[in-house]
2 protein chains.
Amino acid sequence: MIYYICTNDCTDAMTTQKVNITDIAQKTGLSTTTVSRVLSGKAKQYRIGKKSQQKVEEAAKEMHYVPNHFAANLRTGKSNTVALILPSLSNPFFASIASEINAEIRRFGYIAIISDSDENPDIEKMELEQLRGRNIEGLVIAPCGDQAEYIKSLNDRGMPVICFDRYFEDLDIPYVSTDNFMGAQIATQHLIDKGHESIACIQGVRSSTPNRLRVKGFVETMENAGLKKHSVVGDDFTVQNGYLETKLLLRQSKRPTAILTLSNTIALGCMKAIKEEGIRIPEDISLITFDEHPYLDYLSTPLSCVAQPVSDISKIAIKFLFAKINNAEFEPSQVLLRPELKIKESVRKLND
Amino acid sequence: MIYYICTNDCTDAMTTQKVNITDIAQKTGLSTTTVSRVLSGKAKQYRIGKKSQQKVEEAAKEMHYVPNHFAANLRTGKSNTVALILPSLSNPFFASIASEINAEIRRFGYIAIISDSDENPDIEKMELEQLRGRNIEGLVIAPCGDQAEYIKSLNDRGMPVICFDRYFEDLDIPYVSTDNFMGAQIATQHLIDKGHESIACIQGVRSSTPNRLRVKGFVETMENAGLKKHSVVGDDFTVQNGYLETKLLLRQSKRPTAILTLSNTIALGCMKAIKEEGIRIPEDISLITFDEHPYLDYLSTPLSCVAQPVSDISKIAIKFLFAKINNAEFEPSQVLLRPELKIKESVRKLND
DNA sequence: ATATTTTGTACAAACGTTTGCGCAAAAAAT
DNA sequence: ATTTTTTGCGCAAACGTTTGTACAAAATAT
């Protein structure tokens with residue numbers, strides 16, 4: 001009769017963090033030096049014999065060795081850690097980018113420290129300072145505010161830094177973002193093509209580059225078309241801002257015929273106000289927004305939007321990041337990706 | 001005449017990770033011991049004199065000292081790091097919970113390593129093993145699959161472990177989740193109250209506890225009402241699954257009059273199929289779903305749902321986690337929070 | 001004045017790696 | 001048979017903290 005006894009040894013070994021390089025050295029009769037060299041993949045470089053190599057690898061597997069990152073980092077300075085800082089995780093746009101970027105980073109064997117600066121430059125700076133103690137090897141950031149000093153100084157000092165979405169136009173800090181000017185332009189042009197002449201734009205954080213460029217795209221397109229009746233209102237990428245500003249717009253004696261919202265959060269607030277006031281999209285007012293979202297297709301009126309290539313932004317940013325981490329010579333560039341106009345049903349054709 | 005020369009010294013000091021405890025010791029003429037004790041807040045405990053204390057603190061501030069976590073961890077074993085593992089970051093439910101939990105964790109001065117197991121137990125286990133090298137102090141996990149061994153063994157060994165959303169019913173691993181049975185029950189009862197008798201339920205990952213309990217809640221409520229015409233279909237918490245299963249349901253000769261979807265992703269797929277087939281909610285078919293979402297109110301038909309207390313789940317989980325981290329004696333319990341039925345317009349009253 | 005306690009500080013080892021350098025044995029070249 | 005080269009491996013220091021122990025000086029008690 002055969003008994004299968006579950007000694008539980010395997011799980012035991014795996015959940016107790018104990019075995020280190022010295023244990024393996026003891027077990028194999030080799031030195032910690034040799035063990036370390038094998039385990040860190042430098043066997044060839046240091047000409048470790050085939051036999052020793054094998055012995056070490058077997059022992060490591062058998063004993064469920066897992067290297068202690070902290071010890072290794074202390075010695076080498078390599079933390080296998082990067083920071084991801086963004087202005088607001090509660091904004092679905094940033095949340096989905098964070099998910100993607102985090103996944104990419106993990107794929108490289110690194111971890112990401114994710115921080116929410118809450119659109120507050122002071123918090124951002126504090127986080128950045130805290131992070132020094134974690135010896136981060138790179139920084140992926142959508143900076144809030146327009147103070148670039150600190151970030152620039154990190155970049156100048158050779159720390160791999162990539163801005164995404166938010167960035168600084170005049171500095172040579174690499175970034176990946178959407179062509180925000182073009183995005184606003186095509187959205188506005190779409191409205192104009194449909195016969196709209198009185199258009200309001202609800203903006204987000206004014207000091208941010210994307211917002212500035214979107215507003216610029218909006219204004220220039222309007223003026224190029226000879227349209228003077230445009231207003232730009234608002235000051236935050238939040239639902240609340242969208243709601244408030246829309247309420248105000250709708251109370252005007254002469255309502256705009258269309259609204260362009262510069263983010264999905266603003267659009268959400270805008271829709272809330274519109275619904276409350278009992279007016280209809282697009283019959284009474286047209287709406288188009290920045291940012292795509294899976295739900296847009298199923299809204300009472302499917303919402304036309306300017307889609308940002310979230311996935312591409314994430315991938316390129318991380319590609320740059322690790323190219324730079326692995327080769328300090330590499331110089332990531334500044335790229336703007338094409339947005340895409342997705343026409344649905346929220347813009348009405350005006351007959352004049 | 002006065003010149004203001006920006007020496008840039010400040011930013012310099014802050015972006016170059018160099019100054020350590022020894023530098024401060026030198027500058028103050030004290031020993032590293034004393035400096036360490038002051039800086040780690042153990043001045044009283046070790047009776048450091050007021051004067052020395054002040055000198056150290058001033059020097060530290062002046063030199064922009066930031067402690068090296070890696071060195072400290074190597075010595076103490078405290079990593080100030082916890083792991084957050086969940087099945088799918090692309091599911092908005094988990095994404096929003098991840099955001100909240102991450103923020104809470106950062107608030108405690110810890111960092112979170114966020115991993116997506118992609119509903120794959122093997123990946124989950126791999127991640128868990130990798131994480132050992134990071135010396136994590138705690139684990140917050142929505143385990144995929146029903147293999148609890150590894151997690152249980154971590155828990156038994158004193159590692160603070162909190163499951164959220166997904167959990168193991170028969171084990172004494174602490175968890176925080178929604179009362180899924182009740183959630184399904186109230187949703188189903190709502191449908192029944194509205195006169196529905198033929199109801200289909202599109203489920204998610206079958207082996208998961210929440211799914212099992214939701215299905216149980218659905219089935220029991222139906223049978224208690226004497227209704228036999230219920231079917232449970234599907235096998236994944238994805239948009240695709242919702243889409244496919246709805247397509248199949250709608251092709252049946254005898255359609256159900258209502259559908260209960262067990263997640264927001266499934267609901268999204270379901271709506272897609274419904275829209276494609278050109279049928280209307282709630283006139284042709286009623287729909288109710290698990291999970292809330294800001295957009296639900298603005299859908300072509302605002303979607304009734306069972307809202308999970310995402311924010312409370314996150315907060316309680318983290319509260320438990322740190323209670324346990326800071327006091328090994330503490331025993332987190334197993335809690336289920338009340339879901340809330342939010343009635344909108346997607347369920348029609350049937351007149352029989 | 002001496003013994004005891006309290007106060008304030010420092011020495012040195014330890015945490016688990018990595019790595020420059022050195023050295024012996026084996027192989028190859030002379 | 002000797003010299004040179006190659007191959008294989010180990011010693012020991014270093015990374016920046018924390019902490020048990022020790023000890024002198026000051027304060028207090030006898």
Side-chain angles (χ1 to χ4, degrees), chain A residues 16-57 59-60 63-81 109 132-137, chain B residues 16-57 59-60 63-81 109 132-137:
Chain A
T16 21
Q17 162 81 312
K18 262 197 331 213
V19 34
N20 58 19
I21 229 173
T22 316
D23 298 329
I24 299 186
Q26 228 139 34
K27 171 140 188 171
T28 57
L30 294 164
S31 72
T32 59
T33 306
T34 304
V35 174
S36 167
R37 285 175 172 151
V38 172
L39 260 22
S40 54
K42 300 196 178 119
K44 272 122 250 174
Q45 187 185 146
Y46 285 100
R47 306 173 306 217
I48 307 298
K50 290 284 169 207
K51 279 187 182 173
S52 302
Q53 219 173 124
Q54 207 173 334
K55 271 202 289 184
V56 169
E57 273 156 6
M63 303 168 78
H64 294 280
Y65 170 75
V66 171
N68 182 327
H69 277 81
F70 288 86
N73 171 243
L74 185 57
R75 179 60 227 254
T76 61
K78 274 199 62 94
S79 60
N80 283 261
T81 303
R132 281 174 56 214
R134 298 272 185 176
N135 290 6
I136 55 165
E137 289 180 47
Chain B
T16 21
Q17 161 82 314
K18 261 197 334 215
V19 34
N20 58 20
I21 229 171
T22 316
D23 299 329
I24 298 185
Q26 229 138 33
K27 171 139 187 172
T28 56
L30 294 164
S31 71
T32 60
T33 307
T34 304
V35 174
S36 168
R37 285 177 172 151
V38 172
L39 261 21
S40 53
K42 300 194 179 122
K44 273 122 249 173
Q45 188 185 145
Y46 286 101
R47 306 172 306 216
I48 307 297
K50 289 284 168 205
K51 280 187 182 173
S52 303
Q53 220 175 121
Q54 207 173 334
K55 272 202 287 186
V56 169
E57 272 157 8
M63 304 167 79
H64 294 280
Y65 169 75
V66 171
N68 182 326
H69 277 81
F70 289 84
N73 171 242
L74 185 57
R75 180 59 229 255
T76 61
K78 274 200 60 98
S79 60
N80 282 262
T81 304
R132 280 175 55 213
R134 300 272 185 176
N135 290 6
I136 55 165
E137 289 180 46

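Because only heavy atoms are used, hydrogens play no part in the values below, and waters and symmetry mates are left out as well, while side chains stay in. So you know, we letter chains A, B, ... as the sequences are listed, proteins then strands, and number each from 1.
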Atom of A/Phe70, atom of B/Ser79 and distance for their closest heavy-atom approach:
CZ-CB, 3.5 Å
Nucleic acid contacts of residues 49-56 of chain A, taken as heavy-atom distances under 4.0 Å to DNA chain C
none
Tightest non-hydrogen contact, residues A/Ala60 and A/Leu39, listed as CB-CD1, 4.1 Å
Between A/Val35 and A/Lys27, does a side chain to side chain contact (heavy atoms under 4.5 Å, CB included) hold up when you go through it step by step?
CA-CA 11 Å; A/Val35 174; A/Lys27 171 140 188 171; over 6 Å; no
Grab the CD-C1' distance between B/Gln45 and D/dG20 for me, whole Å please.
12 Å
With sequence neighbours left out, the residues meeting salt bridge (Lys or Arg N to Asp or Glu O under 4.0 Å) with B/Glu137 are B/Lys78
Contact list please: residues 21-37 of chain A against DNA chain D, heavy atoms, distance less than 4.0 Å, in numerical order.
A/Gly29, A/Leu30, A/Ser31, A/Thr33, A/Thr34, A/Arg37
Rounded distance in Å - CG (B/Asn73) to C1' (C/dC15)
9 Å
Is the distance from OP1 or OP2 of C/dT19 to the nearest side-chain N or O of A/Lys42 less than 4.0 Å?
yes
Rounded to the nearest Å, what distance is computed from the NE2 atom of residue B/His69 to the C1' atom of nucleotide C/dC15?
16 Å
Rounded to whole Å, the CG-C1' distance (A/Asn135 to C/dT17) equals 15 Å
Can you tell me how far C1' of C/dT17 sits from CG of A/Asn20, to the nearest Å?
9 Å
Rounded interatomic separation in angstrom, taking CZ from A/Arg75 and C1' from C/dG16:
12 Å
Is there a side-chain contact between B/Tyr46 and the phosphate of D/dT21, meaning an N or O under 4.0 Å from OP1 or OP2?
no
Which distance, rounded to the nearest 0.5 Å, do you find between the CD of B/Glu57 and the OH of B/Tyr65?
13.0 Å
In Å and rounded to the nearest 0.5 Å, what is the CZ to OG1 distance from A/Arg134 to B/Thr81?
4.5 Å
A/Lys44 NZ to D/dT7 P, in whole Å, measures 15 Å
Which nucleotide in the set C/dG16, D/dG16, C/dT18 lies at the smallest distance from any side-chain heavy atom of A/Ala71?
C/dG16
Donor-acceptor pairs under 3.5 Å, side chain of residues 19-26 of chain A to any protein atom, not counting sequence neighbours: which ones?
| residue | atom | partner | partner atom | Å |
| --- | --- | --- | --- | --- |
| A/Asn20 | OD1 | A/Thr22 | N | 3.2 |
| A/Asn20 | OD1 | A/Asp23 | N | 3.0 |
| A/Asp23 | OD2 | A/Asn20 | N | 2.9 |

From CD1 of A/Ile48 across to C1' of C/dT18 the rounded distance in Å is 13 Å
The helix from C/dA1-D/dT30 to C/dT30-D/dA1: angle between end helix axes, five pairs per end, rounded to 10 degrees
50°
Testing the basics here: between B/Thr28 and B/Ala59, what is the closest heavy-atom pair and its distance to 0.1 Å?
CG2-CB, 3.8 Å
What is the per-nucleotide protein-contact pattern of nucleotides 22-27 of chain C, from the 5' end, where B denotes a base atom under 4.0 Å from a protein heavy atom, S denotes such proximity for sugar-phosphate atoms only, and - denotes neither?
------
Side chain to side chain donor-acceptor pair (under 3.5 Å) pairs, two or more places apart, involving residues 33-52 of chain B:
B/Ser31-B/Thr34
Partner set under side-chain contact (heavy atoms from CB on, under 4.5 Å) for A/Ala71, not counting sequence neighbours:
A/Asn68, B/Leu74
Using the side chain to side chain donor-acceptor pair (under 3.5 Å) criterion, which residues pair with A/Lys55? Sequence neighbours excluded.
none
